[in-house]
Protein chains: 2
Amino acid sequence: MIDEELKLDNQLCFRLYTASRLLTQAYHPLLSDHGLTYPQYLVLLVLWEKDAQPVNDIAKRLYLETNTVTPLLQRMEKEGIIIRNKGEKDARQMIISLTRKGKELRKKLADVPSIVGNAVICESVTKETAPELFRMLDDIILKLSNP
Amino acid sequence: MIDEELKLDNQLCFRLYTASRLLTQAYHPLLSDHGLTYPQYLVLLVLWEKDAQPVNDIAKRLYLETNTVTPLLQRMEKEGIIIRNKGEKDARQMIISLTRKGKELRKKLADVPSIVGNAVICESVTKETAPELFRMLDDIILKLSNP
DNA sequence: CATATTTATATCGTTCACGATGCAAATATA
DNA sequence: TATATTTGCATCGTGAACGATATAAATATG
């Protein structure tokens with residue numbers, strides 16, 4: 001074994017894990033005022049793109065399992081942000097749709113991306129270099145999410 | 001608001017969040033055989049670098065709060081991987097030390113970094129480009145963890 | 001058409017994360 | 001030296017994540 005590899009500073013996963021947590025924390029004050037968590041915000045992003053999707057499509061889009069998404073959606077339904085309806089064609093499906101409240105949140109949260117975006121701009125991450133970072137992360141996700 | 005910004009594909013946090021989860025999942029089969037979770041493995045990395053550290057130092061190194069680390073360490077103590085002793089100079093401190101079992105895990109898990117490292121090598125993330133990715137993530141962490 | 005398999009979702013148990021709060025020891029201040 | 005403040009850790013409650021398992025509906029197979 002190469003001892004250097006064991007150092008925390010050399011670990012990619014730890015950086016991803018930390019950056020992810022810290023950036024999620026940056027969303028917190030912007031979302032909590034509206035009773036939202038970050039994963040719930042992700043669900044809204046999916047539904048704002050296309051309303052009325054089955055649980056499975058939402059889960060796949062977020063690279064999550066349904067056993068994570070189901071309780072999350074149940075909480076969102078309780079908050080009146082979405083509604084869950086049995087699928088008509090396929091009775092196994094649960095179709096998730098935005099309520100009026102869920103749709104209105106789109107306007108209320110419209111400035112979140114730019115606020116958070118500005119919060120991460122720094123020496124090595126700029127408008128110019130971000131695409132390269134995105135490409136690397138996408139490649140990692142592709143590599144790890146594949147069969 | 002710029003509508004494009006609202007698309008999931010344009011969100012940095014979502015990529016970090018997904019990449020972090022998927023890469024952590026890649027660690028799972030390597031760690032679970034030894035009864036470890038990924039955050040517990042991170043604690044071991046910290047202690048392998050320097051044994052006998054107070055809770056606070058471990059938490060700071062991992063950018064976590066003590067209310068996350070304390071229960072985690074209690075579970076690790078129950079598993080016999082570490083021991084928790086009251087600090088001698090400062091009675092408030094809890095000094096965390098490796099047990100024999102905790103030290104032995106270092107050898108048993110020695111090949112984990114290279115296995116996981118190989119799992120993420122892809123088109124845009126190579127030995128050559130990784131330092132650039134590391135630098136970007138470090139900058140983001142620095143920017144977000146600062147006062 | 002009856003049975004087997006697959007699929008879509010839900011439930012359960014455990015372990016994080018983390019905001020809020022509590023408590024005792026150490027340190028600062030009056 | 002009393003009292004106030006800070007510091008280090010622990011406890012509690014809630015919401016993810018996720019492996020394992022369950023259940024009903026749809027589909028495939030005999």
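Protein chains get the first letters and strands the later ones, always in sequence-line order, with residue 1 at the start of each. As the structure is a prediction and not an experimental result, all values here were calculated from the model.
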Should B:E104 and B:K101 count as an ion pair when the cut-off is N to O under 4.0 Å? no
Between A:E4 and A:K7, is there a side-chain N and carboxylate O pair less than 4.0 Å apart? yes
Looking at CG of A:L23 and SG of B:C13, how far apart are the two atoms once the value is rounded to the nearest 0.5 Å? 4.0 Å
Should the ring pair B:F14 and A:Y63 be called parallel, tilted or perpendicular, given that the plane angle runs from 0 to 90° and is split at 30 and 60? tilted
Please determine which of A:N85, A:L73, A:I83 meets the side-chain contact (heavy atoms from CB on, under 4.5 Å) test together with A:I96. A:L73
Between A:L72 and A:A91, name the one whose nearest nucleotide on DNA chain D is closer to the 5' end. A:L72
Assert: residue with more 5' nearest nucleotide on DNA chain D, out of A:R75 and A:D90, is A:R75
Reckon [X] touches a base, only the sugar-phosphate, or nothing at all at heavy-atom distances under 4.0 Å?
| X | answer |
| --- | --- |
| A:Y17 | sugar-phosphate |
| A:T66 | base |
| A:Q93 | sugar-phosphate |
| B:K60 | nothing |

Could you give the [atom1]-to-[atom2] distance, from [X] to [N], as a whole number of Å?
| X | N | atom1 | atom2 | value |
| --- | --- | --- | --- | --- |
| B:N85 | D:dA10 | CG | C1' | 17 Å |
| A:E88 | D:dA25 | CD | C1' | 16 Å |
| B:L22 | D:dG19 | CG | P | 11 Å |
| B:D33 | D:dG19 | CG | P | 14 Å |
| A:E79 | D:dA16 | CD | P | 10 Å |
| B:I82 | D:dC9 | CD1 | P | 12 Å |
| A:L64 | D:dG19 | CG | P | 11 Å |
| B:N56 | D:dT7 | CG | C1' | 8 Å |

Min side-chain heavy-atom separation A:L133-B:I140 under 4.5 Å: yes
Less than 4.0 angstrom between a side-chain N/O of [X] and OP1 or OP2 of [N], yes or no?
| X | N | value |
| --- | --- | --- |
| B:Q74 | D:dC9 | no |
| B:T70 | D:dC9 | no |
| B:N67 | D:dA10 | no |
| B:R92 | D:dT6 | no |
| A:Q25 | C:dC18 | yes |

Return the 5'-most residue of the pair A:V55, B:Y38 with respect to DNA chain C, ranking by each residue's nearest nucleotide. A:V55
For A:P71 and for A:T24, locate the closest nucleotide of DNA chain C by heavy-atom distance; then report the residue assigned to the nucleotide nearer the 5' terminus. A:P71
